[in-house]
Each structure stands twice: as structure tokens, then as C-alpha cells.
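Here's the structure we're looking at; comments come further down.
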Number of protein chains: 2
Amino acid sequence: MNVTIIDVAKKAGVSPSTVSRVISGHPRISPATVRKVKDIMEELGYHPNMMAKSLVSKTTQTIGLLLPRSAEELFLNQFFSEVIRGVVSQAARSEYDLMMTTGITEREEVEAVTRLVRGRRVDGVILLYSRNSDPVISFLKEERFPFVLIGRSEEHPDVLSVDNDNVQAAYDVTKHLLAQGHRRIGFVSGPPNLIVSRDRLEGYKQALADAEVEFHSEWIVEGEFLQESGYRAMSFFMTLPERPTALVVMDDLVAFGVLRGLTELGYKVPQDLSLIGFNNIPMSELASPPISSVDIGIYQLGYTASQTLIRAVKGEAIHHTRMIIPHRLIARESSLHHIQP
Amino acid sequence: MNVTIIDVAKKAGVSPSTVSRVISGHPRISPATVRKVKDIMEELGYHPNMMAKSLVSKTTQTIGLLLPRSAEELFLNQFFSEVIRGVVSQAARSEYDLMMTTGITEREEVEAVTRLVRGRRVDGVILLYSRNSDPVISFLKEERFPFVLIGRSEEHPDVLSVDNDNVQAAYDVTKHLLAQGHRRIGFVSGPPNLIVSRDRLEGYKQALADAEVEFHSEWIVEGEFLQESGYRAMSFFMTLPERPTALVVMDDLVAFGVLRGLTELGYKVPQDLSLIGFNNIPMSELASPPISSVDIGIYQLGYTASQTLIRAVKGEAIHHTRMIIPHRLIARESSLHHIQP
DNA sequence: GTGAAAGCGCTAACAA
DNA sequence: TTGTTAGCGCTTTCAC
């Protein structure tokens, strides 16, 4: 059997409540008692049973992280490990543990978070990415359970969220290409049900409009965050009679697929087609030519989400519901080629 | 307040223990009661409080995953997200949750694990990677707490572990290079305190010995699992008066660094220097030329570790303490160049 | 400043 | 088959 608070109390010749007070740093308790109890705890190798503590205090010192349903495929992307790294680091710093869960289907996903929330296993939840209509968000709102979203929700604009200004980011990127003289710019999008896809498309459109460049809907291609999607998009664009001279690509991995396809077909980047991606994965810098990208501060997203959630859980004031992590355009060779419009 | 087992009992006109029995699927309980209780649970939206359950049952349905100290740097490598993916998937399948923790210093690491174990927050622990002398392993053994190691421990050969046969893998790789006619083969190692580094070095040496090729200790370079290490190793090798014609590299990311350096200096791979790495990260296939690598089944490592741990936790019989995940050599252009010895 | 006692929500003997 | 009872290890009034 493990050593309990009662063992400590007996040995120290005090009551269990006194020991409890020492543990929680109660103010009105004599320094002598504190010393004595702490010594005994040390001596006996006492460690509080978190389950018992949680049961009565109704807090767990744990936050939950719901991975997106298809973690299988999403993990391929550097994005998730980076986010998790940010969350874990911050949580550890705040002495919170991190509980990860996921589900294959939407039903399983809801079940998983229900288990965590209703089972009182966590004090708050972080949601990764936001699909358009998400039953998990509705559930958490109904339960009035603390949570923060990495991404944003259109239906629930009032929930705590940590996000990039994706509209602005795409605007910047498009403007960068326009500044190189490009007037025919295509857009390789992600899954259309993701808000990030729509935000970036919006920024792209705005930049074109502001530059009074005509928008071609046939130059928008949708795909997954996979290399193959890029390859496919490339095949599509390169057979077009009037094809773009530059591409804005939703994710570097996809951009890599484009690049690879172009190289295979003997095209030159950026001369034949300029490229710029998002997320600035390590590989982008290493490609030949190096791929321009937008650093969206993935680690920061996770870190800030964790920080915000823990504040919310503790009931601290949070001034902004929507926190924006700054992005940074990193121009590399793949988008540095001036053309005559 | 949340609905408890007592609320359900009252409304169903039975005792709390009966409800408890229904929940745990107790055999001797009348179907009528089961139906009634289940209906009421549904109606009231009852969910068991896991903390209370854990407190009395002394199990948590949760496994812990201790990330290596410098998760900061290790996350950069695809390895960890892949392992986690395997662990999470399997755990979810077994209806276990996953708790992640880490520490910056060794002391913090031990503390983190102590919190989990002594605080009874988890039923078992998975340890990622194994350094040479690890206080965490000693602690867990002393506590007689279920755990499995991803990797292996020299000091504690008797603990449950899931690993590759890294000696054999390195042997295979070296033999592959020997088969191309190489006789001057260098080795770019990882941190020397990692057992995986030593195992692979061992396999490399054995292969050389079996082929009666002389071993040159100056052709062994140690580094981190970072691209820069590869770059540095490359610089070193290329200035040697008598330099290797092929390199075995501990990790693909490092191999990528080598490749990049060679390309910058105008050397050709595999003609001037052949390369083969380990871990088969997605990037390897995409490099130019594509980098040969060893697929070590990272996902499988995580999956099997989780599976084994959960079995151990449940007290099921485990036949082998040491489970080996098979590896597979994937020869690509970077190591396919015959030379005349 | 400290102790006694009640109770968090659940399970598991032991009875019936 | 079901109910009664006694805790699991901890916190927290309410006294003193």
C-alpha cells in the first residue's frame, strides 16, 4: 500500500487536515508544523494521490488535447508535432499534464471528448483545427466547459481561439507575387471545409482585387494537405492553354509536390512558374530551389493555446477571445523572379 | 451539479451498487434491471466520474508517455510524431487515454514520472528512447510499475522493450554498400550516449569485419540528429586525404545535411560519395537524388509498445520481454552506384 | 493554529 | 439477484 496523508499525520503527530494544509500552502499554519510535516513527507516518500485530490477538489491539473479525426494523415504534416510541442512545453511549465485523445469517426470524436469532460478527467480542452460545423464545439459550449480552439469557428465567433490572420497572410503572399510582376496567379487550396482554406482564398482574392487583377475561378484547385495534391494541381495547371505564372499554395508539402512535378517535366522554378507556400516546414528551405513560405508560428499557436486555456481554467481574466499569432513571409528562390507583365 | 450514480439509483428505484453492476457489466443481474437502469442513465445523461472510479478501483484507463528531455529538438525529427501516432491509435482502440509528460532537466523528468506514477494518474508508462544510464527506469523498476521501453536498456536487459534490431539493420546497410564495391565506408553516428548509436556502430563494424575490410576509427563521426551535423560531417570527410567513397548515416535528416553540403560544393551523389540513412522520413524520397534509407517501422514501434503495455497492465501474459520490429532497407539512387574497389 | 467530521462518487465485500 | 455498508485518500467547513 502507498503512504497516505494519514500515515504522515500520525507520524507527525498532527491531524490529516493539518497535513493537507501544509501541502496546499495554507497561510495560517505555524512554520514549525510546516517544517515537521514536510520532513516527514520527505522521509516517508509521500506523494498525494491525484485521484482523491481531484475527486474532492474537482480539478485535475490536466488539459485535454483533441486531435483531429484523421490524425493518421494529419500527423504526416509537421504542423501537428509542432503544435503539440508548443502545448506540452507550456503545460509542463504551468505544472499541468496533457491528455491526448482522438477518434476515428465524428461520433467517436464526440465520445472521446465526452469521456474527458463528463468523466472529469480534464479541466479544459484544446481543439486542433476547426471544421465548418463541429458538434464538439457545440457540446463544450453547452457544458460550459473551458476550451480553446486552434483556428477559428464561423458559427461560434465568441469562443476562445488562437489563430493566424490567414486572410492577411494570403493577402501578403499574393501581393508579394504581384510585386514580382505576376498577373496570372493560381491558388492551390486545401480541403474546402476547413476555415483556413477559405480565409486564405479570401486574402488571395482581396489582393487581386486591390491590384485590379482579374480573378479566374478556374485557377483555384482544391486538394488535401498532401504532396500528391500538389502533383495533381501541377498537372492541371500545366496543361491549361493560358496558365498562371505563379502559384499560391496552401501548404509547403503540397508546394513540394508541385515543385517535384515541375522538375520531372523539365520546367524551371521560379522561371517557368513561381511558387510560394505556407507553414515553412524545414523541408522548404532544403528544396532546390528553396521554397518561399509563410512562417505562421506553429509552436506559438500551441503555446498560446495552452497558456490561454490554463488561464481560463483558473478563472483568470482573458482580454481577447481571439488571439492572433503573427505570420512572417519568407521569400526564397522559388518566388524571386521578376517577370514582365 | 453533475448527475451521479445515486441519482440514477433513486430514479430507477434500485441501489447504487446495482447501478454500478450494470455499468461494469456484472453477469448476475436481471435483464429487466439492466434495461431500466440503462434507460435512466440515458435519460439523465449520466456519465461515470472517472476520478471516483479510479480512486476505488486503483486503475485509470490511462497510459503515460514520457517524452525525452529535449523534446524541443527531438520533435523536429519525424520520429516522435510517428511514434506518438502509433501509441495514440492503439491506445484509443483499447479505450485507453494517453497522458504525455516531459521535463527539461533529468530531475524534472524523474519528477514528472513520479507525479504520474505515485500520483496514480496512469496505469503504465511508455519510455521513449533509452539513454545509457536512466534513473527513470530504476525508479519504475523499484516501484514495480508497469512500463515498456521503446529502445532498449543495457543495464536492465530484463525490462519490457520494443525495439529494432539495430545491429542487424546497420549490418545490412553496410553490406549493401560493400556489395556496390565500396571498401572505404564512413559512419556518421548520433549522440554516443544513445544505445541506438552504439548498436548501429556495432553492426557497421561487424559487416566490415565479415567482409575483411579494415576499420578506420577516424571515419567515425558523432553528431546530433540534426541537419547541421550532417553538414559538418561532410566537411570533415571531404577534406580528408584518403576519404570514404560511401557513408552510413544514423538519420535521414543528417544524411540530408550531407547531401546538401555535397551539392553546394559541386560533388555528385552517389558518384563522388554514396549515402544511406535510417528512418526513411518522407523527405528522403523527395531529395535529389532520393536518399536510400532503412524503414524501421516507427509507427509499429509505438503501436506495439502501447499494445504490450496495456497487456502488461491488464496482467495478461507476455511471452517475450524484447519485441523486435522488422526493418526494411530501401535502396534509392543515393546508394546505387557500383565502383571498382 | 489545529482537529473532528462529513462527504466527493464510486466499488466491493458481505448479507439477505 | 439485489441492498447495505464500509471505505478509497483527500479537502473543507465548523468548532475550539
Side-chain angles (χ1 to χ4, degrees), chain A residues 1-38 40-41 44-62 114-123 314, chain B residues 1-38 40-41 44-62 114-123 314:
Chain A
M1 204 50 260
N2 234 295
V3 27
T4 77
I5 211 170
I6 299 195
D7 302 327
V8 177
K10 272 188 186 145
K11 182 131 188 177
V14 297
S15 76
S17 29
T18 300
V19 178
S20 172
R21 286 185 184 109
V22 170
I23 293 166
S24 56
H26 192 102
R28 271 199 291 285
I29 193 125
S30 84
T33 314
V34 172
R35 266 260 56 73
K36 187 171 53 183
V37 171
K38 283 202 168 158
I40 305 274
M41 292 198 324
L44 262 42
Y46 168 78
H47 256 261
N49 180 318
M50 298 313 282
M51 296 302 152
K53 187 187 169 100
S54 292
L55 181 56
V56 39
S57 71
K58 294 182 179 341
T59 79
T60 59
Q61 293 270 98
T62 303
T114 306
R115 270 219 319 273
L116 291 190
V117 171
R118 306 287 301 273
R120 303 265 163 248
R121 298 195 79 145
V122 296
D123 296 344
K314 288 184 175 168
Chain B
M1 206 49 257
N2 235 295
V3 26
T4 77
I5 212 171
I6 299 195
D7 302 328
V8 176
K10 273 187 186 148
K11 182 133 191 175
V14 297
S15 77
S17 35
T18 301
V19 178
S20 173
R21 286 186 186 108
V22 170
I23 293 166
S24 56
H26 192 103
R28 272 198 291 285
I29 193 126
S30 84
T33 314
V34 172
R35 266 261 53 76
K36 188 171 55 184
V37 170
K38 283 202 168 158
I40 305 274
M41 292 198 323
L44 263 41
Y46 169 77
H47 256 261
N49 180 319
M50 298 313 282
M51 295 303 152
K53 187 187 169 97
S54 292
L55 181 57
V56 39
S57 70
K58 292 177 180 344
T59 77
T60 59
Q61 293 270 97
T62 304
T114 306
R115 270 219 320 274
L116 291 190
V117 171
R118 307 286 299 275
R120 303 265 161 248
R121 299 195 77 145
V122 297
D123 296 343
K314 288 182 175 167

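All chains are named by letter (A, B, ...) in the order of the sequence lines, taking the proteins before the strands, and each is independently numbered beginning at 1.
Near-neighbour residues of DNA chain D inside residues 8-16 of chain A, defined by a heavy atom below 4.0 Å, are absent.
The distance from the CZ atom of A:R120 to the CG atom of A:L55 is 11.5 Å, given to the nearest 0.5 Å. Put simply, CD1 on A:I5 and CE on A:M41 are 9.0 Å apart, with the number rounded to the nearest 0.5 Å. Annotation: the span from B:K10 atom NZ to B:T4 atom OG1 amounts to 8.0 Å, rounded to 0.5 Å.
One can place CZ of A:R28 at 13 Å from P of D:dT13, the figure rounded to the nearest angstrom. Straight-line distance from the NE2 atom of A:H26 to the P atom of D:dC10: 18 Å, rounded to whole Å. Rounded to whole Å, the distance from CG on B:N49 to C1' on C:dG9 is 6 Å. Per the geometry, NZ belonging to A:K53 stands 21 Å off P belonging to C:dC10, to the nearest Å. In this entry the distance linking CZ of B:R121 with C1' of D:dG9 reads 15 Å, nearest Å. With rounding to whole Å, B:R21 atom CZ is found 13 Å from C:dC14 atom P. In this entry the distance linking CD of A:Q61 with P of D:dC10 reads 15 Å, nearest Å. Per the geometry, CE belonging to A:M50 stands 9 Å off P belonging to D:dT11, to the nearest Å.
Taking side-chain N and O atoms only, A:S54 has no distance below 4.0 Å to OP1 or OP2 of C:dC8. For B:S20, a side-chain nitrogen or oxygen approaches OP1 or OP2 of C:dT11 to under 4.0 Å.
Here B:T18 lies in heavy-atom contact (under 4.0 Å) with sugar-phosphate atoms only. Using a 4.0 Å heavy-atom cutoff across all strands shown, B:I29 reaches sugar-phosphate atoms only and no base atom. Within 4.0 Å (heavy atoms only), B:S57 reaches no atom of the nucleic acid at all. Among the atoms of the strands shown, only primed sugar atoms or phosphate atoms (P, OP1, OP2) are found under 4.0 Å from some heavy atom of B:T33.
If you check D:dT4, D:dG9, C:dA5 against the side chain of A:S17, the one that comes closest is C:dA5. Picking from C:dG9, C:dC10, D:dC8 the nucleotide with the shortest atom distance to the side chain of B:K58 gives D:dC8.
Between A:T62 and A:M50, every side-chain heavy-atom pair lies at or beyond the 4.5 Å cut-off. Counting heavy atoms from C-beta on, the side chains of A:T33 and A:V14 come closer than 4.5 Å. Proximity of B:R121 to A:T60: side-chain heavy atoms (C-beta onward) are separated by under 4.5 Å at one or more points.
B:S17 and B:S20 are not linked by any side-chain donor-acceptor pair at a separation below 3.5 angstrom, with hydrogens and angles left out of the test.
For B:A52 and A:V56, each mapped to the nucleotide of DNA chain D holding its nearest heavy atom, the one lying further toward the 5' end belongs to B:A52.
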